[in-house]
*Asks:* 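If you scroll down you'll find the structure; I have some questions about it.
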Protein chains: 2
Amino acid sequence: MTGKAADMPHDATQTPGRLRGRASRLLAQLTNQSDRLMNEGLSLVDARKWHYAVLASLHEFGPGSQATLSRRTGIFRSDMVGVLNELAERDLVERVPDPDDRRRNVISITPQGRRHLRRLDKVLDDLHDELLAPLTSAERTEFVRLLTRLVDHHGHAHS
Amino acid sequence: MTGKAADMPHDATQTPGRLRGRASRLLAQLTNQSDRLMNEGLSLVDARKWHYAVLASLHEFGPGSQATLSRRTGIFRSDMVGVLNELAERDLVERVPDPDDRRRNVISITPQGRRHLRRLDKVLDDLHDELLAPLTSAERTEFVRLLTRLVDHHGHAHS
DNA sequence: CTGTTGCGTTAGTCCGACTAACGATGTAGG
DNA sequence: CCTACATCGTTAGTCGGACTAACGCAACAG
């Protein structure tokens, strides 16, 4: 139901040996735990993380075509269809054909969508509070800062 | 803690808005990039991350049954079969029926396995160097420390 | 008009995490 | 000994998310 991820069957290693100390492995484990947390939390309010991504993107950057949204959120344009269907079913977004370019749909957030977004924001705040529970406020900031630096560095397309 | 910034329509150009600043999202992105990096790097030496996990586990904790290895590494025991097949094909591990319990196989690492493990260690060192490139040495340490704290916290089976 | 590109959509592949069940074997209780 | 149950290695299969391919359509450049 929740999707994926599980902690190890039982705690795996105990020493910070090669296995456990590797950043890549720690990242994978933590992301697993994080994903599980977020998915469970969001499912309680009938949402998924892509819903939030789309709504937040609409709120921050305004309406746009599906392709635009796809680029903004990182969702594949083939998957965007389904996400928008789900959001439209719930009247959280509006899908209107673009008069200026009849290939496009213009997606915009509805008042209900905004309300829902605020709710999701609250939910996510709480979930992140749980996720980062063992860290002090300063540590959380630092953690996010480091993550951002790393993501940005590798985000620069270099292929 | 994340400041609830005022709901401005669209003026925030570069602010680490809700979407981008969320730790969960940064984690997911970075893990993606990390996984890619590791998989690509390891495939160049005909290996996968589970290979490393098993070999490292054997090296650190000695031989064990497949179920034991499964618990140590977090690999499902149904998937362990395939991993061990691949490793055995390459003569990196030995699979011997346990005389004391005929249900079990005892898996142990071979000299070739140890050699391969050292090679993988080197490869992973390099890959992690690339992964953490934008961070100073002190920052890398801190980063791993924070990750470990978080993973440990959520690892506590509290269900 | 012609070829190229971007759009939304459908269908389908690929892969890793995870579940279920089997036969063979071990263990414990009566 | 018999019965019940747990554990092991293994096979098969489900499930979901990331990703690709190709279609019909529209825009645009020449």
Side-chain angles (χ1 to χ4, degrees), chain A residues 1-10 12 24-25 27-29 31-36 38-40 42-43 48-54 63-88 93-107 159, chain B residues 24-25 27-29 31-36 38-40 42-43 48-54 63-88 93-107:
Chain A
M1 200 135 294
T2 7
K4 309 218 145 180
D7 304 342
M8 313 258 167
H10 285 311
S24 61
R25 176 162 252 254
L27 271 173
Q29 276 182 244
T31 299
N32 246 4
Q33 294 163 341
S34 165
D35 281 355
R36 172 171 270 187
M38 301 299 147
N39 285 334
E40 283 175 8
L42 286 176
S43 76
R48 322 217 197 122
K49 41 183 204 289
W50 292 132
H51 294 191
Y52 179 75
V54 168
S65 71
Q66 298 188 189
T68 305
L69 288 179
S70 182
R71 282 178 227 110
R72 295 210 287 230
T73 57
I75 306 174
F76 273 65
R77 101 184 181 278
S78 40
D79 300 325
M80 180 61 74
V81 185
V83 174
L84 289 180
N85 284 341
E86 293 173 353
L87 290 174
V93 302
E94 216 183 7
R95 211 206 230 116
V96 173
D98 185 342
D100 296 347
D101 183 341
R102 294 202 307 260
R103 293 171 303 178
R104 286 179 167 86
N105 291 333
V106 176
I107 315 297
S159 48
Chain B
S24 61
R25 176 162 253 253
L27 270 173
Q29 277 182 244
T31 298
N32 225 10
Q33 295 161 340
S34 164
D35 281 354
R36 258 184 165 65
M38 301 297 148
N39 286 333
E40 284 174 10
L42 286 177
S43 75
R48 318 218 210 114
K49 41 182 200 298
W50 291 134
H51 292 191
Y52 180 75
V54 168
S65 73
Q66 298 187 190
T68 305
L69 288 180
S70 180
R71 281 177 227 114
R72 294 210 288 229
T73 57
I75 306 174
F76 274 66
R77 101 183 181 280
S78 41
D79 300 326
M80 181 61 74
V81 185
V83 174
L84 290 180
N85 284 342
E86 293 173 352
L87 291 175
V93 302
E94 217 184 6
R95 210 203 231 118
V96 173
D98 185 342
D100 295 348
D101 184 341
R102 296 206 308 266
R103 291 172 304 179
R104 285 177 167 89
N105 292 333
V106 177
I107 314 296

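So that the names make sense, note that chain A is the first sequence line, chain B the second, and so on, each numbered from 1. Bear in mind that the values here come from a model prediction, so they are computed numbers and not experimental data.
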*Asks:* Is any side-chain nitrogen or oxygen of Arg102(B) closer than 4.0 Å to OP1 or OP2 of dT7(D)?
*Replies:* no
*Asks:* Determine whether a donor-acceptor pair (one donor, one acceptor, N or O, separation below 3.5 Å) exists between the side chain of Arg103(A) and the base of dG6(C).
*Replies:* yes
*Asks:* dA17(C) P sits how many Å from Asn39(A) CG, rounded?
*Replies:* 16 Å
*Asks:* When we call it a touch if two heavy atoms are under 4.0 Å apart, what does Arg48(A) touch: a base, just sugar-phosphate, or nothing?
*Replies:* nothing
*Asks:* Rounded to whole Å, how long is the line connecting atom CD1 of Ile75(A) with atom P of dG16(D)?
*Replies:* 18 Å
*Asks:* Less than 4.5 Å apart, side chain to side chain, heavy atoms only: is that true for Asn39(B) and Lys49(B)?
*Replies:* yes
*Asks:* Measuring to OP1 and OP2 of dC7(C), would you say a side-chain N or O of Gln66(A) lies under 4.0 angstrom away?
*Replies:* no
*Asks:* From the options dC19(D), dC8(D), dG6(C), select the nucleotide whose nearest atom is closest to the side chain of Arg104(B).
*Replies:* dC8(D)
*Asks:* Nearest 0.5 angstrom please: Leu84(A) CG to Asp79(A) CG, how far?
*Replies:* 11.0 Å
*Asks:* Measure from the side-chain heavy atoms of Asp79(A) and tell me the nearest of dT25(C), dC7(C), dC19(D).
*Replies:* dC19(D)
*Asks:* Rounded to whole angstroms, how far apart are NE2 on His51(B) and C1' on dG16(C)?
*Replies:* 14 Å
*Asks:* What's the CG-P distance between Asp35(B) and dG17(D), to the nearest Å?
*Replies:* 17 Å
*Asks:* Among dA18(D), dC7(C), dG8(C), which nucleotide has an atom closest to any side-chain atom of Asn105(A)?
*Replies:* dG8(C)
*Asks:* Roughly how many Å is it from CE in Met80(A) to P in dG6(C), rounded to a whole number?
*Replies:* 18 Å
*Asks:* Quickly work out the Arg36(B) CZ to dG17(D) C1' distance and round it to whole Å.
*Replies:* 13 Å
*Asks:* So, the side chain of Thr31(B) versus the backbone of Ala28(B): is there a donor-acceptor pair under 3.5 Å, distance only?
*Replies:* no
*Asks:* From the options dT20(D), dC18(C), dT9(C), select the nucleotide whose nearest atom is closest to the side chain of Ser78(B).
*Replies:* dC18(C)
*Asks:* Using atom CG of Leu69(B) as one end and atom C1' of dC8(D) as the other, report the distance to the nearest whole Å.
*Replies:* 13 Å
*Asks:* If you measure from CE on Met80(A) to CD1 on Ile107(A), what distance do you get to the nearest 0.5 Å?
*Replies:* 8.5 Å
*Asks:* Between dA12(D) atom C1' and Arg77(B) atom CZ, what is the distance in whole Å?
*Replies:* 14 Å
*Asks:* On DNA chain D, check which nucleotide each of Pro99(A) and Phe76(A) is closest to and give me the residue with the more 5' one.
*Replies:* Phe76(A)
*Asks:* Does dA17(C) have OP1 or OP2 sitting under 4.0 Å from an N or O in the side chain of Trp50(B)?
*Replies:* yes
*Asks:* Categorize Arg95(B) for me: base, sugar-phosphate, or nothing, with a 4.0 angstrom heavy-atom threshold over every strand shown.
*Replies:* sugar-phosphate
*Asks:* Check whether Ser70(B) reaches the backbone of Ile75(B) with its side chain - one donor and one acceptor, N or O, closer than 3.5 Å.
*Replies:* yes
